[in-house]
Trainee: 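Take this structure first; my questions come after.
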Amino acid sequence: MGAHFWLENEWPSFISKFSPSDVFNGDETGLYFRALPEHTYVLQNDKAKGTKSCKERIIILCCASMTGEKKKLLVVGKKIFCQWLIKWDNELDRKIVLLVDNCTAHSVSLNLKNIKLVFLPANTTSLIQPCDQGIIRTLKAYYRLKMSKRVITLIDETSTLKANDLSKKINILEALHFVNEAWNNINDVTIRNCFRHGGFVKMEEEKEDNHNKDLADKTYEDWMDIDRDLPTSEEYSEDQICQSIINEITNNNDEENDESDEKVEVVVKPPSNKEVLEALDVIRRAVHHRGNNFNIQYEYEQYIFGILEENKKQTKITNFFQNK
């Protein structure tokens with residue numbers, strides 16, 4: 001069944017029974033979270049050879065409705081996808097449709113009350129799936145913009161390390177923060193336009209694309225597509241993800257000690273209240289000298305003070321991503 005045939009003959013029966021706000025699309029994507037433009041050729045070459053760069057990637061599920069409602073991002077595997085569906089199904093107070101591709105990770109046998117799983121026709125994902133029409137690309141554009149800005153800032157403060165070395169210092173937990181921020185930056189207009197581009201509604205506006213104007217078009221396109229075809233059916237549990245973060249930090253520290261005489265201190269435990277207050281003082285002075293909106297700083301400080309007063313434990317991944 002072709003994409004055009006499905007949209008013309010199958011899709012109308014679904015949309016006639018559900019409001020656009022109740023039609024969601026979910027899709028997984030792999031992300032090389034440390035990749036800079038200079039890494040494009042190496043990683044693409046590894047991919048062609050079938051090499052697995054597990055330490056360099058994370059796999060996330062994006063899910064949004066036709067009207068722009070976004071679900072929290074999910075670090076995925078087949079089992080976690082099932083648990084995510086069950087949890088969402090129990091939380092819903094209305095019936096919805098979830099459009100997914102027909103990959104093996106989505107082949108689940110669940111008795112869902114509120115979620116109707118609809119599988120897109122085979123070999124049409126790249127043609128009509130909204131997440132593949134720009135949502136994931138926009139997410140990665142925002143992510144890579146944030147990541148590259150972080151590296152550039154570190155370069156300004158560090159005279160001995162190059163961008164390639166600094167990108168290796170970005171660990172999985174930092175990457176999850178960046179991608180969560182990137183997801184928050186995607187607006188409902190972009191999402192609605194991607195549904196239009198897939199043919200689910202009439203095309204009206206073009207989707208936005210956060211092109212890094214410092215890069216040539218070819219370099220930018222290669223950078224954005226570096227992890228486009230990464231396999232997304234990895235089996236990760238929450239404990240495995242957390243353990244990989246700890247192992248990664250420890251391994252990176254060992255590697256740096258082997259390569260350099262400079263001692264690098266790695267803090268695994270959460271910072272003390274004293275350290276947090278000292279950091280706030282540094283940020284406050286930075287805003288005083290470089291910014292012009294102290295109201296935002298005040299709000300942020302109140303938020304941090306609230307955390308300190310409640311004596312919360314170290315932040316977990318699940319505070320920022322959908323729980324199982």
Trainee: Can you hop from I136 to V75 via hydrophobic side chains spaced under 4.5 Å?
Mentor: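 They do not share one cluster, since no chain of ILVMFWY contacts under 4.5 Å joins I136 to V75.
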Trainee: Using side-chain heavy atoms (C-beta onward) and a distance below 4.5 Å, is V151 in contact with I170?
Mentor: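 Heavy-atom side-chain distance check passes, below 4.5 Å.
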Trainee: Using side-chain heavy atoms (C-beta onward) and a distance below 4.5 Å, is E10 in contact with L120?
Mentor: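 Of all side-chain heavy-atom pairs linking L120 with E10, none is under 4.5 Å.
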Trainee: Does one side chain, of T190 or N193, offer a donor that lies under 3.5 Å from an acceptor on the other?
Mentor: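 Absent: no donor and acceptor within the cut-off.
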Trainee: Which heavy-atom pair separates S272 from E275 by the least distance, and what is that distance?
Mentor: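 Smallest heavy-atom distance, with atoms named: N-OE1, 2.8 Å.
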Trainee: Is there a path from L280 to Y303 through hydrophobic residues (I, L, V, M, F, W, Y) whose side chains come within less than 4.5 Å of each other?
Mentor: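 The answer is yes; both residues are in one hydrophobic cluster.
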Trainee: Show the numbers, then the answer: is there a side-chain contact (heavy atoms from CB on, under 4.5 Å) between C131 and L139?
Mentor: CA-CA 10 Å; C131 282; L139 172 71; over 6 Å; no
Trainee: Is any side-chain heavy atom of M147 less than 4.5 Å from a side-chain heavy atom of L36?
Mentor: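 In contact.
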Trainee: Nearest 0.5 Å, what's the NZ-OG distance between K95 and S19?
Mentor: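 With rounding to 0.5 Å, NZ (K95) is 15.5 Å from OG (S19).
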Trainee: In this structure, would I135 and V179 fall into the same cluster of hydrophobic residues linked by side-chain contacts under 4.5 Å?
Mentor: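 Per the 4.5 Å side-chain linkage, I135 and V179 are co-clustered.
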Trainee: With clusters defined by side-chain heavy atoms of hydrophobic residues (ILVMFWY) lying less than 4.5 Å apart, directly or transitively, does I80 cluster with L98?
Mentor: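 L98 clusters together with I80.
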Trainee: List in chain and number order the residues that pass ring pair (Phe, Tyr, Trp, His ring centres under 6.0 Å) with F294, two or more places apart in sequence or in another chain; answer none if no residue qualifies.
Mentor: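 Once residues adjacent in sequence are excluded, the partners of F294 under the ring pair (Phe, Tyr, Trp, His ring centres under 6.0 Å) criterion are Y298.
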Trainee: Decide side-chain contact (heavy atoms from CB on, under 4.5 Å) for N114 and I96; before the verdict, give the C-alpha distance in whole Å, the side-chain angles of both, and the deciding distance to 0.1 Å.
Mentor: CA-CA 6 Å; N114 296 311; I96 71 163; 5.8 Å; no
Trainee: Taking all non-hydrogen atoms of both residues into account, name the closest pair between K70 and N184 and its distance.
Mentor: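 Looking at all heavy atoms of both residues, the closest pair is NZ-O, 3.4 Å.
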Trainee: State plainly whether one hydrophobic cluster holds both I59 and L85, where clusters connect Ile, Leu, Val, Met, Phe, Trp and Tyr through side-chain heavy atoms under 4.5 angstrom apart.
Mentor: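 In one cluster: yes.
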Trainee: Do the side chains of F119 and V100 get nearer than 4.5 Å, heavy atoms only?
Mentor: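 A side-chain contact under 4.5 Å exists here.
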Trainee: Measure the spacing between CG of L117 and CG of L99 and express it to the nearest 0.5 Å.
Mentor: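 Taking CG in L117 and CG in L99, the distance rounds to 9.5 Å.
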Trainee: NZ of K116: more than 12 outside heavy atoms within 6.0 angstrom?
Mentor: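 Counting other residues, nucleotides and ligands, NZ of K116 stays at 12 neighbours or fewer.
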Trainee: State, yes or no, whether a side-chain contact exists between C62 and L73 at a heavy-atom distance under 4.5 Å.
Mentor: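 The answer is yes, as the side chains (C-beta and beyond) meet within the 4.5 Å cut-off.
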Trainee: Give me the one residue out of F195, F18, W88 that meets ring-ring contact (aromatic ring centres under 6.0 Å, His included) with F24.
Mentor: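 Going through the options one by one, the only one that passes is W88.
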Trainee: Evaluate the side-chain proximity of Y143 to F33: yes if any heavy-atom separation is below 4.5 Å, no if none is.
Mentor: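 The answer is yes; the side chains approach within 4.5 Å.
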Trainee: Quick check: do L308 and L277 have side-chain heavy atoms less than 4.5 Å from each other?
Mentor: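 The answer is yes, as the side chains (C-beta and beyond) meet within the 4.5 Å cut-off.
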Trainee: Can you list the residues that meet the side-chain hydrogen bond (donor to acceptor under 3.5 Å, both in side chains) rule with R150, with sequence neighbours excluded?
Mentor: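 So R150 forms a side-chain hydrogen bond (donor to acceptor under 3.5 Å, both in side chains) with E174.
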Trainee: Do the non-hydrogen side-chain atoms of K113 and N90 ever get within less than 4.5 Å of each other?
Mentor: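 Side-chain contact under 4.5 Å: yes.
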Trainee: Could you check K72 against E91 for salt bridge (Lys or Arg N to Asp or Glu O under 4.0 Å), going step by step and ending with a plain yes or no?
Mentor: CA-CA 14 Å; K72 285 186 177 181; E91 293 172 346; over 6 Å; no
Trainee: Checking side-chain contact (heavy atoms from CB on, under 4.5 Å) between I15 and each of V97, D22, V23, which is the one that passes?
Mentor: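 Among V97, D22, V23, the one meeting side-chain contact (heavy atoms from CB on, under 4.5 Å) with I15 is V23.
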